[in-house]
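One structure is given below, encoded as structure tokens.
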Amino acid sequence: MTSVAPSLHSDRLLRRLKNSPFLPLAVLHQIQAQILTNASLHNSTSLLSEFLSSCARSRNLPAACLLLKNLRSPIPSTLNHVLRSHAESFSSQQILVLYREMVRQKIPQDRSIFTVMLRACAHEASSVGESLHCQILKLGFVSDLFLMTGLLDSYAKRGCLGPAEKLFDEMVEKDVVACNAMIAALSGNGRTEDARKLFEGMPKKSSASWNSMITCYCKQGNVALAREIFDQNPVKDVVSWNAMIDGYCKIGQLRVAHQLFERMGHARNSVTWNTMMSGYLHQREFGTAISLFREMQMENVKPTEVTMVSLLSACGHLGALNTGRWIHAYICNHHLNIDVVLGNSLIDMYFKCGNIETALEVFRGMPSKNVFCWNSVIAGFGMHGHGQKAIEVFLEMDTTSGIRPDEITFVGLLSACGHSGLIFEGKRYFSQMLGLYGIVPQIEHYGCMVDLLGRAGLLQEALHFIETMTIKPNCVVWGSLLRACKIHKDTKTSEHVTRRLLELDPNDGGNYVFLSNIYALAKRWEDVDTCRAIMIEKGVHKVPGCSSVEVNNMVHEFVVGDTSHPQFEKINIFLLEIERELRNLGYRPGTGSVLHDIEDEEKENAVLYHSERIAIAFGLINTRKMEPIRVVKNLRVCSDCHEAIKFIAKLFKREIIVRDRSRFHHFRDGSCSCQDYW
DNA sequence: GTAGGGTTAG
């Protein structure tokens, strides 16, 4: 230890803590060790306070607790200070830990600390609120209006309307805040009428009262009534506008929402932007959501964790790995809190963008995980064709995580089995769902099973499965079987299935495409003509194949038949060269793809020009050697291209990762991770 | 006290 005077030493540490808000764990530990081994530092209240604040900012609860536990004499003001000023930084569980420490050290508890703790509990809908309730009763704080309101709110946020109403009735004095909390509680439970009654009866209304009523009607789906309240509200603030914008977003009226958004001008805050972004996200306008973020940055509005969650979701859908990575770096550089939601968004984004390793790194690094996180990993492995890994993670979740699998878990698990041809395992987990886990199979689960059986060529079993289902099969279920029929070239069953599909949904033009192709295969030309006529009459909408590839942080999109890309000529010549080389290697185009291709319309174009090939050729021309090429396609990759890409990967010694409509294909050295089972 | 966030069969 250096022989610096204690007071100087203390000052130096204090400066260090104050100057950098986010100290790495190692540094915090170092400082902690110094405090604990140096009696004079130990007694410096300001230093201890600053240290605990620093822990709170870095969300480093263990460091804070360890220090508190090792103090030779408790310093009440320190803990009080930390709890009060940094309660938002800790989770309710962590606050409870600190609180217990406070009780253990016999530090006097005041009302204000409970208010802070209850707020944290309400925010997280945590059941810790109940332990606090008991403590509040014990300490005799029941007459405190603020405390009771906080308690009411913490019950309300968890959907415990009963206890909330009881508390409200027992309150002698009910101020605006208490009434507002009650309105929110009632509206959260669909009791719109009661909420309105309470609202009307209030002698004085605050802005929050009006806003609560706006949200109340929005939640009910009655945006028109919400708008009436909004227009009548004499004290409109940013919350009123945000609530109204969200109301329009939730019913899909993005245009109206955007008009209000524009009208707000510079009154917009981060919540406004987040609301608008999530609105576009739910309309599947992922690109718009991302460009909104760029605008948000230009207006210098600080993005929050919520912003990042929406952005990452957009990246996942688009397969924009580089943008996703950039956001991840932003989150780290700006010390945003990677909570379960944000962590899950990262996991999901990395899986959907084809980066399994980083997805797992994030997953393993999360201090606490919920069912969403586990589900994302199980589904993630599934979409990459790692069925066995998905099962391993499921078993780990089931046996050691303490988190119960839910219906989504099984959707992921069953689809993972289906993608990997794990017939036996899929059947077993499906049959265990109800008995072992108490989860009633939904249409999605039946869909997975039909797909699993069908892919494996067990067509009659799949048909029997559908016909004996306890719920009515939908188009997806029949559609899965139809696809299976095509893969396994069963024209007879195809026809039967297609007829069932048309009965179910006579207006879906896509079904006629199937039927006409089936007739064509059977050379029943008259039936083909009838089908074509119906298709023309119904105006069948054909989705063009479209693939994108990220090169130098730019996404390049190629739509089949579109020759407008500046490098089109170059790509074209390159594709022809590739084609020649591939033939030398033994590749023969057009073999066996006829029945595989679900979007048959696309087949009519020369296979050479399928969008994924154009994207890959472009990637090969414009990226460095060794760099993997990542392609995202809106349709399924056809089997002919699949075959060709295997050869291309070998020829150019490149890893080519293609995400198609339903899964990932990792091409390397002449083979694909799907092992031709897809 | 009032506004914004994640996983879902083909």
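Chain naming here is simple, since letters A, B, ... match the order of the sequence lines and numbering starts at 1 in each.
Here A/Val341 lies in heavy-atom contact (under 4.0 Å) with a base. Residue A/Lys369 is classed as having no contact, given no heavy-atom separation below 4.0 Å to the nucleic acid. Using a 4.0 Å heavy-atom criterion, one finds that A/Val377 contacts no nucleic acid atom at all. Using a 4.0 Å heavy-atom distance criterion, A/Ser212 is classed as a sugar-phosphate-only contact. A/Ser270 comes within 4.0 angstrom of a base, heavy atoms only. Across all strands shown, A/Ser662 has no heavy atoms under 4.0 Å from either base or sugar-phosphate atoms. Within 4.0 Å (heavy atoms only), A/Lys250 reaches sugar-phosphate atoms of the nucleic acid but no base atom. Residue contacts for A/Leu414: at a heavy-atom cut-off of 4.0 Å it reaches no nucleic acid atom on any strand shown. Here A/Val450 lies out of heavy-atom contact (under 4.0 Å) with every strand. Using a 4.0 Å heavy-atom distance criterion, A/Lys352 is classed as a sugar-phosphate-only contact. At the heavy-atom level, A/Ile443 lies under 4.0 Å from base atoms of the strands shown. A/Asn269 comes within 4.0 angstrom of a nucleotide base, judged by non-hydrogen atoms across all strands. Here A/Asp660 lies out of heavy-atom contact (under 4.0 Å) with every strand. Residue contacts for A/Arg268: at a heavy-atom cut-off of 4.0 Å it reaches no nucleic acid atom on any strand shown.
The distance between atom CZ of A/Arg404 and atom P of B/dT7, rounded to the nearest whole Å, is 23 Å. Here B/dT2 presents its C1' atom at 15 Å from CD1 of A/Ile245, a figure rounded to the nearest Å. One interatomic measurement links the two molecules: CG of A/Asn242 to P of B/dA3, which rounds to 10 Å at whole-angstrom precision. Distance, A/Ile487 CD1 to B/dG10 P: 11 Å, rounded to whole Å. Between A/Met276 atom CE and B/dG4 atom P there is a gap of 14 Å when expressed in whole angstrom units. In this structure, A/Asn274 atom CG and B/dA3 atom P are separated by 14 Å, rounded to whole Å. The interatomic distance linking A/Leu346 (CG) with B/dT7 (C1') rounds to 14 Å, in whole Å. Whole-Å rounding puts the A/Leu453 CG to B/dA9 P distance at 18 Å.
For A/Thr304 against B/dG4, a side-chain N or O and a base N or O form a donor-acceptor pair under 3.5 Å. Side-chain N/O atoms of A/Asp339 and base N/O atoms of B/dG6 include no donor-acceptor pair closer than 3.5 Å. For A/Asn375 against B/dG6, a side-chain-to-base donor-acceptor contact under 3.5 Å is absent. Counting distance only, with no hydrogens placed and no angle test, the side-chain atoms of A/Asn474 and the base atoms of B/dA9 include a donor-acceptor pair under 3.5 Å.
In this structure a side-chain-to-backbone donor-acceptor pair under 3.5 Å is missing from A/Lys633 to A/Gly545. Proximity of a side-chain donor or acceptor of A/His282 to a complementary backbone N or O of A/Ser278 within less than 3.5 Å is detected.
You'll find the ring centres of A/Phe465 and A/Phe430 inside the 6.0 Å limit. For A/Phe410 and A/Phe394, the ring centers sit closer than 6.0 Å to each other. Checked against the 6.0 Å centroid threshold, A/Trp241 and A/Phe261 do not count as a close aromatic pair.
Counting only heavy atoms from C-beta on, A/Val271 has its side chain closest to B/dA3 among B/dA3, B/dG5, B/dT7. The side chain of A/Thr275 lies closest to B/dG4 when the candidates are B/dT2, B/dG10, B/dG4. Out of B/dG4, B/dG10, B/dT7, the shortest distance to the side chain of A/Val306 is found at B/dG4. Counting only heavy atoms from C-beta on, A/Ile408 has its side chain closest to B/dT8 among B/dA9, B/dT8, B/dT2. Among B/dG5, B/dG10, B/dT7, the nucleotide with an atom closest to any side-chain atom of A/Ser310 is B/dG5. Taking every side-chain heavy atom of A/Ala208 into account, B/dT2 is the closest of B/dG10, B/dT2, B/dT7. The side chain of A/Arg636 has B/dG10 as its nearest neighbour among B/dG5, B/dT2, B/dG10.
Within the 4.0 Å cut-off from OP1 or OP2 of B/dG10, at least one side-chain nitrogen or oxygen of A/Arg455 is found. Residue A/His282 places at least one side-chain N or O under 4.0 Å from the OP1 or OP2 atom of B/dG6. For the OP1/OP2 pair of B/dA9 and a distance below 4.0 Å, the side-chain nitrogens and oxygens of A/His419 include no atom meeting the criterion. Dashed line: the shortest gap from a side-chain N or O of A/Ser278 to OP1 or OP2 of B/dG5 is under 4.0 Å.
In this structure, NZ on A/Lys250 lies 7.5 Å from OG1 on A/Thr275, to the nearest 0.5 angstrom.
Of the listed residues (A/Asn242, A/Asn269, A/Thr304), just one forms a side-chain hydrogen bond (donor to acceptor under 3.5 Å, both in side chains) with A/Asn274, and that residue is A/Thr304.
Dense packing is recorded around CZ of A/Arg428, with more than 12 heavy atoms of other residues, nucleotides or ligands lying under 6.0 Å away.
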